[in-house]
Amino acid sequence: MSQQPWMQALFATCFTYMMTALGAALVFVIRRCNSAVIDGMQGTAAGLMIAASFFSLLLPAKESLSGDSVSEALILTGGFCVGCVFILLTNVWLNKSERFAKDGVRSGVLTCFAMTLHNIPEGFAVGVAFGSVLDGEGFISACMLALGIGIQNFPEGLCVAIPLRSMGMRAGKAFFFGQLSGMVEIVAGVLGALAVQMIQLLLPWALSFSAGAMIIVACGELIPSCVREGKVTALYGIMGGFALMMLLDILFG
């Protein structure tokens, strides 16, 4: 807690990257992973991220504003929608790009690229959360946000590396592509913390933008993926993740 916000963001995003790398590293010992485990982890991550979007991002964004209710609504709604549209446009572009994938390996590389683009706003959200900490208030929420993203990153690294490995790619190369998507979070996190510290007017916009991006990732990517095969396990994970984030934010936030 005594470190500068950008340093806190650096440590936090190094953790989220290491979770991506840890998931990808399983490619050295297994070729396939139990789908129920992945479904449960993705559900938990989705619950954590949805709760964090409100408790750690939108609520602090509202509290940082001191204008009239109309301007507050416009700023929060505008930032939230821009974050949502950013992820939606990214998905549209990636879906078009996948039409040119001629084999599974190239499709795996595109999946890695998709994860990388999604990780930019996630890393930015962690940086913004630490950059908005004031006299220790909100530090636990920022840590829990990083924890939720880290939990989500574990199956992400796994889901990129394992398919590539099963297609015949060497374990080392599959691991490289699996962990690659997590690196961008470190840069985005530090930039997010520095941006909101230098330009305080960016804070509500940055927080609401990050919330919108995370909601779309959780509801558009994680939840559909995890409920496809293991619906009950995934729903328990979503419930547990949301409840855990809400409990810790109320107690320590």
Side-chain angles (χ1 to χ4, degrees), residues 1-23 25 44-45 47-66 75-76 79 83 118-154 156-157 179 181-214 217-218 240-253:
M1 291 182 66
S2 62
Q3 299 295 324
Q4 292 293 318
W6 70 267
M7 194 63 123
Q8 295 172 345
L10 176 64
F11 291 145
T13 49
C14 280
F15 162 75
T16 61
Y17 161 73
M18 288 173 62
M19 290 294 287
T20 306
L22 185 61
T44 301
L48 282 164
M49 290 174 68
I50 293 171
S53 296
F54 176 75
F55 292 106
S56 299
L57 296 173
L58 286 175
L59 193 58
K62 184 179 184 303
E63 292 173 349
S64 70
L65 294 169
S66 56
I75 291 173
L76 294 180
H118 285 169
N119 284 343
I120 292 175
E122 291 171 10
F124 187 75
V126 173
V128 168
F130 280 101
S132 62
V133 172
L134 183 63
D135 296 328
E137 185 178 349
F139 180 79
I140 298 297
S141 296
C143 290
M144 290 307 302
L145 176 61
L147 176 63
I149 291 176
I151 292 173
Q152 174 216 333
N153 284 357
F154 182 86
E156 278 189 1
Q179 59 83 39
S181 64
M183 286 186 175
V184 70
E185 290 188 356
I186 299 175
V187 178
V190 173
L191 289 178
L194 290 174
V196 297
Q197 283 234 297
M198 290 188 293
I199 310 174
Q200 283 296 314
L201 290 176
L202 284 178
L203 180 59
W205 287 99
L207 288 168
S208 55
F209 171 89
S210 300
M214 288 180 61
V217 170
F242 191 100
L244 176 63
M245 181 70 202
M246 180 170 59
L247 177 66
L248 291 173
D249 191 273
I250 293 172
L251 291 177
F252 305 108

Contacts of Trp205 meeting side chain to side chain contact (heavy atoms under 4.5 Å, CB included) (sequence neighbours excluded), chain-then-number -> Ile75

Between Pro5 and Gly131, the two heavy atoms sitting closest are CB-CA, 4.0 Å

Here the gap from Leu59 atom CG to Leu207 atom CG, rounded to the nearest 0.5 Å, amounts to 10.5 Å

Trp6 and Ala193 have their tightest heavy-atom pair at CA-CB, 3.7 Å

So CE of Met183 and CD1 of Ile186: to nearest 0.5 Å the spacing works out to 7.5 Å

query: Do Leu57 and Ser208 come within less than 4.5 Å of each other through their side chains, counting heavy atoms only?
result: no

- Item | Gln8 vs Phe139, side chain to side chain contact (heavy atoms under 4.5 Å, CB included): CA-CA, chis, key distance, verdict | CA-CA 10 Å; Gln8 295 172 345; Phe139 180 79; 3.7 Å; yes

Heavy-atom nearest pair, Ala125 first then Met214, reads CB-SD, 3.7 Å

Here the pair of heavy atoms bringing Ala146 nearest to Phe15 is O-CE2, 3.7 Å

Residues at least two apart in sequence or cross-chain that pass side chain to side chain donor-acceptor pair (under 3.5 Å) with Thr16, listed by chain then number, are Glu185

For Gln179, the side chain to side chain donor-acceptor pair (under 3.5 Å) test, sequence neighbours excluded, returns Tyr17

Side chain to side chain contact (heavy atoms under 4.5 Å, CB included) between Ile140 and Met144, intermediate numbers included: CA-CA 6 Å; Ile140 298 297; Met144 290 307 302; 4.3 Å; yes

For Gly123 and Thr13 the tightest heavy-atom approach is O-CG2, 4.2 Å

message = Can you confirm whether Phe55 sits close enough to Leu145 that some side-chain heavy atom of one is under 4.5 Å from a side-chain heavy atom of the other?
response = no

Phe124 meets the ring pair (Phe, Tyr, Trp, His ring centres under 6.0 Å) criterion, sequence neighbours left out, with none

For Met18, the side chain to side chain contact (heavy atoms under 4.5 Å, CB included) test, sequence neighbours excluded, returns none

Applying side chain to side chain donor-acceptor pair (under 3.5 Å) to Ser210 and not counting sequence neighbours gives none

Nearest heavy-atom contact between Ala218 and Ile50 is CB-CG1, 3.9 Å

